[in-house]
Amino acid sequence: MADVNQSMRRINGSQAIAESLMQEMERDERVVLLGEDVGRSGGVFGTTRDLFDRFGPMRVRDTPIAEMSFTGMGVGMAMAGLRPVVEIMFVDFLGVCLEQIYNAMAKIPYMSGGRVPMPMVIKTAGGNIGSAAQHSQCLWATFAHLPGMHVVAPATVRDHKGLMAAAIRSENPVIFIEHKELLLKKSKDFLSGAEVPEGAFVTPIGKANIVRGGSDLTLVTLSAGVEYSLEAAAEVARDGIDVEIIDLRSIVPLDVETVANSVARTGRLLVVDEDYLSFGLSAEIVVRVLERLGPGALRQIQRHAVPDVPIPAALSLEQAIVPGPASIERTLREMAAAS
Amino acid sequence: MKLNPLNLYRMMTRMRAFEEACLEGVPTFEIHGELHTSIGQEAIGVALAHALTPEDAVVSTHRNHYHALAKGVPPRALLAEIFERETGLCRGRGGHMHPFDPDRHFSATGIVGASLPVALGYAYAFKLRGLPHVAVGICGDGATNHGTFHECLNMAAVWDLPLVCLIENNQYAISVPIGEVTATSTISERAAAYGLAGETVVGTDVEGLTEAFAATVRKTRKGGGPSVIEATCYRFRGHYEGDHDGYRDRSEKKRKRAEMDPISRYRDILIARGEGDAEGLAAIDAEARAEMQAMLAEVRSDPQPDPSGALDHIFLEEAR
């Protein structure tokens, strides 16, 4: 955990990732970074800035556009004793290299009977910022459905740094999904967790974060959904609706306990998920809470997610289907009115 | 390189006897999935065994048993893994297509086209650390039409990595003859597209192949860059045990098995050279068979994995 005496500064999400990579690569020479435009350009979102100059081309490798092979190369590197961080520029592109991700990276620890660790991170960017159907998805539930991978999606700036360090130090494979909105957001605009310690620290993977305490309703979300929900919660608070917001941080492992403890108090559950609705995170959360608390534990259940449609290009259409501050606020008011 | 002919012969017969022991597990359902054997491709295993050090890496395919044996994977643990036992190399979790031996830097994949990327990662790690090791990525002729073949040879070449791409060209991608899906007359000539020298060798001539492969590995090990070597051979059995194999003429199979059996070819050569006699070589055959049969009998009395452990090893336990 963070040393409380460390000096804190406000930085933004992409700086936090770059700083974490820099510190972990300093700390452990086995850490290598590879991907498209991670070197000379410092990453299309700036998350790998300054690393090429500091560590050189063998540890910070600009690859050709060959995702299947350089992802498999990461698998081989991990088996050879390195700790690769493979960047796949957009999460949508993981389809190109899914074979190596779910058949090799995720399964080798199991297939080897626990003999082969897989200390590998796939860092990628997801989320909606107007990039339409092929550059906007989140897909975390897709990877959570496939066994053998931890799936992490940070929300606060602080967690961008701490969770990345945890992912790199883990012996297990991690899909690390950054949100483009959070990578581009200015530090001063964050509602939560933009104060970040300067030195290296680890935020444990698998422990949810209660970012706002409340008594009326439990709102479970992650990634950019946390900032959107904080905005919405501030609005409805004026009308006396007191929302508790839980940032899951990771969906594998899933911290059901923190969610269930909150729901046991509030009796009302809203899941806000920027991923697709069906067969996804929202249903999983609801079922796990019911399994833990019993089928009668919830007075209200609501799911707010992308309704099983490719992401459209036009802003008017995107806003109609993707959860944002306004739609979350609307959902909260509807729930309050119906209760 | 000084080769010991009787050792070469013995290695090939042991490999075949190992594979024949595996065949016995199919009708009994002790191996309850498909089984891909390499019978007819023994010379390639011998070549690997001669050229590689324990620190070199091999990433193999769905047809991997000889490569594992060549890399020094313990036959007893490998056979037990193939027979799905708790005593197996991977405690029965991997099975015959997915053996992993991290101590010997051996692994395999059941996905065609997926071996070279992993081998590339080993090669990169060796270069990064300045180690004198090579990574051998093995693929069949079918895999050379996968995008990874192009991607990996390009990356290996441009970064000058110690990767040896070994192509086992057994002439069929399951049922599809190579000539119907591959435009060039050899596969190795494609190496030129990456600025590399490729070589095609007769993969059933154990001495010639062993020498050629050792020379290739030596060149790559000494910093000569990646290599592409294609070994021609013939798959004696179906793609998997149970394959009806109606896509190859009976007459073709009969003829090829006679012409392209590396063991009987070498037996004739040794006898002709006076380096062995029929009786002595038959004794080597019998010894190999007896060894593998004894191992099989042991494996058959090994326990299957305890069902209560089915969820073990999904993630590694971590000390925090």
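Letters A, B, ... are given to chains in the order of the sequence lines, protein chains preceding strands, and every chain is numbered from 1.
When each of P117(A), S112(A), G72(A), S69(A) is scored by its heavy-atom pairs under 4.5 Å with chain B, the top score falls to S69(A). Across P117(B), G88(B), P99(B), the residue that shares the most heavy-atom pairs under 4.5 angstrom with chain A is P117(B). Among the candidates L34(A), V75(A), I108(A), I65(A), the residue making the largest number of heavy-atom pairs closer than 4.5 Å to chain B is I108(A). Ranked by heavy-atom pairs under 4.5 Å with chain A, the first of P102(B), G110(B), G94(B) is P102(B).
Of the atoms belonging to T71(A), not a single heavy atom falls under 4.5 Å from chain B. Interface remark: M149(A) contributes backbone atoms only to the contact with chain B (heavy atom separation under 4.5 Å). Proximity to chain B (any heavy atom under 4.5 Å) is restricted, for P57(A), to the backbone atoms N, CA, C and O. Only the side chain of H146(B) comes within contact range of chain A, judged by heavy atoms closer than 4.5 Å. Of the two parts of H105(B), neither the backbone nor the side chain holds a non-hydrogen atom closer than 4.5 Å to a non-hydrogen atom of chain A. Residue V86(A) does not touch chain B at all, counting heavy-atom pairs closer than 4.5 Å. With a 4.5 angstrom heavy-atom cutoff, T109(B) does not touch chain A via any of its atoms. Of the two parts of A114(B), the backbone and the side chain both hold a non-hydrogen atom closer than 4.5 Å to a non-hydrogen atom of chain A. Proximity to chain A involves both the backbone and the side chain of L89(B), based on heavy atoms less than 4.5 angstrom apart.
Using a 4.0 Å cut-off between charged side-chain N and carboxylate O, D302(B) and R76(B) make a salt bridge. Of the charged side-chain nitrogens involved, at least one lies within less than 4.0 Å of a carboxylate oxygen, so that E171(A) and R83(A) count as a salt-bridged pair. Using a 4.0 Å cut-off between charged nitrogen and carboxylate oxygen, R27(A) and E24(A) count as a salt-bridge pair. Remark: D312(B) does not engage R91(B) in a salt bridge, criterion side-chain N to carboxylate O under 4.0 Å. Taking a cutoff of 4.0 Å between a charged side-chain nitrogen and a carboxylate oxygen, E230(B) and R190(B) do not qualify as a salt bridge. Salt bridge E30(B)/R85(B): present, at least one basic N to carboxylate O contact under 4.0 Å. R115(A) has a carboxylate O that lies under 4.0 Å from a charged side-chain N of D101(B), or vice versa, which qualifies the two as a salt bridge.
For the pair R158(A) and F201(A), the cation sits on the ring face: its NZ or CZ lies under 6.0 Å from the ring centre, inside 45° of the axis.
At least one donor-acceptor pair closer than 3.5 Å links the side chain of S115(B) to the backbone N or O of I138(B).
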